[in-house]
Amino acid sequence: MRIATWNVNSIRQRMDGLQAWLEERKPDIVCLQEIKCTDDAFPREPLEALGYNIAVHGQKTFNGVALLSKLPFDEVAPGLMGDDGDAQARFLEAVISVRGGVLRVASLYLPNGNPAPGDRYAYKLRWMDRLIAFARARLTLEEPLVLAGDYNVIPTPADAKHPEAWIHDALFLKPTRDKFRTLVNLGLVDALRAVSDDPGLFTYWDYQGGAFAKDDGIRIDHILLSPQAADRLAHAGVDRHVRGWDKPSDHVPVYVDLDIR
DNA sequence: ATGACAGGAGTATCCTGA
């Protein structure tokens, strides 16, 4: 069972690259972020033709998350618990039956939070508190759980080419990293760091200033696993070559292989 | 010396992103 996450920065602008990558990497489940379209505008047909069931939680212009799955969805739930008034489409949870039980997956797009301090940063920290509450609740189920997406968090200095350039940024400020650590310390495993301590594992390079050519990247797209999922972790990787394709997203896919049929 | 991002909305720029 291969599960991937990718912030595509507009699903409609990324269809060629997305289809090419799906045929190459062959993930069973994909968590997408920043689809930047409403549910009605989501390009379902070409993805269904590749064998995927589709769940979408979109909105006009910004944000938007989706799930692709070769296995059918048993349940789909849009939105993150803790604030019914939050209109931003950043969270989509699904339950999928697998051999011997269920798999619970969420595609999440954590707020950027810049500029900090300010309203946007306060919203980011509140959203992280809600995510922590969600994870705490779901962990009591003792299921294989995969929380995958664009966390907009640089967890440690080893996750940036130039960490000193990010010290005043909402992605790297101490409260941001502290809350991410609180989340992980509930008992989750950062899948990529479970398989590698390579300091060059980046998932995002800015479009500006030739950042990819200089490998001036950061690691902000993460896959966190519950103990029941982490016990089945076989491999994790980053498809950085996708950043070199025509009309790339500024993010690249991250994936895990779990020993689940 | 020049230009040095991308996407959406919408039609000129402005907002957002990280």
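Residue numbers start from 1 in every chain, and the chains themselves are labelled A, B, ... in the order their sequence lines are given, proteins ahead of strands.
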Provide the distance between the two P atoms, one in dA18(B) and one in dG8(B), to the nearest whole Å.
14 Å
Rounded to whole Å, CG of Asn9(A) lies from C1' of dT16(B) at a distance of 10 Å
Could you tell me if the side chain of Leu110(A) sits less than 4.5 Å from the side chain of Asp150(A), heavy atoms only?
no
Expressed as a whole number of angstroms, how long is the span from Arg14(A):CZ to dG17(B):P?
17 Å
Residues from residues 171-179 of chain A lying under 4.0 Å of DNA chain B - heavy atoms:
Leu171(A)
Can you tell me which residue pairs pass the salt bridge (charged side-chain N to carboxylate O under 4.0 Å, His left out) test with a partner in residues 13-28 of chain A, sequence neighbours excluded?
Arg25(A)-Asp239(A)
Can you check the Gln59(A) CD to dG7(B) P distance for me, whole Å?
18 Å
ring-ring contact (aromatic ring centres under 6.0 Å, His included) filter on Trp21(A), not counting sequence neighbours, yields Trp6(A)
Could you tell me the separation between the NE2 atom of His251(A) and the C1' atom of dA18(B), rounded to a whole number of Å?
7 Å
Considering only nitrogen or oxygen atoms on both sides, find all protein atoms under 3.5 Å from nucleotides 9-15 of chain B and state each distance.
none

pair Ile96(A)-Ile29(A): side-chain heavy atoms closer than 4.5 Å:
yes
Between Phe212(A) and Trp205(A), is the ring centroid distance below 6.0 Å?
yes
Span that lies between the P atom of dG10(B) and that of dA6(B), in whole angstrom:
22 Å
In the structure I gave you, are the side-chain heavy atoms of Thr5(A) and Pro253(A) within less than 4.5 Å of one another anywhere?
no
Taking the side chain as every heavy atom from C-beta outward, state whether Leu258(A) and Leu233(A) have any atom pair closer than 4.5 Å.
yes
Any side-chain heavy atom of Met128(A) within less than 4.5 Å of one from Thr182(A)?
no
Separation of atom NZ in Lys124(A) from atom P in dA18(B), rounded to whole Å
8 Å
Please check if the distance between the ring centroids of Phe134(A) and Phe91(A) is under 6.0 Å.
yes
Distance test, side-chain N/O of Tyr109(A) to OP1/OP2 of dA18(B), below 4.0 Å
yes
What does Asn63(A) touch in the nucleic acid at a heavy-atom separation under 4.0 angstrom: a base, only the sugar-phosphate, or nothing?
nothing
How long is the line joining CH2 of Trp166(A) and P of dA18(B), in whole Å?
10 Å
Looking for any heavy atom pair under 4.0 Å, which part of the strands does Asn7(A) touch: base, sugar-phosphate only, or nothing?
sugar-phosphate
With sequence neighbours left out, which residue pairs that include part of residues 250-261 of chain A fulfil the salt bridge (charged side-chain N to carboxylate O under 4.0 Å, His left out) condition?
Arg2(A)-Asp257(A)
Over-ring placement of Arg219(A) relative to Phe202(A), 6.0 Å and 45° cut-offs:
no
Just to be sure I understand the rule, does Arg219(A) reach a base, reach only the sugar-phosphate, or reach nothing, if contact means heavy atoms closer than 4.0 Å?
nothing
On DNA chain B, nearest-nucleotide positions of Gln13(A) versus Pro111(A): which is more 5'?
Gln13(A)
Residues within residues 206-213 of chain A bordering DNA chain B, heavy-atom distance below 4.0 Å:
Tyr207(A), Gln208(A), Gly209(A)
What about Asn112(A), does its side chain sit under 3.5 Å from the base of dA18(B) through a donor-acceptor pair?
yes
Pairing of Arg193(A) and Asp159(A) as salt bridge, 4.0 angstrom limit:
yes
On DNA chain B, nearest-nucleotide positions of Ile11(A) versus Asn152(A): which is more 5'?
Ile11(A)
Quickly work out the Asp216(A) CG to dC5(B) C1' distance and round it to whole Å.
14 Å
Student check: side-chain heavy atoms of Lys36(A) and Asn9(A) closer than 4.5 Å
yes
Round to the nearest Å and state the distance from Tyr151(A) atom OH to dG17(B) atom P.
19 Å
Can a side chain N or O of Ser10(A) be found less than 4.0 Å away from OP1 or OP2 on dG8(B)?
yes
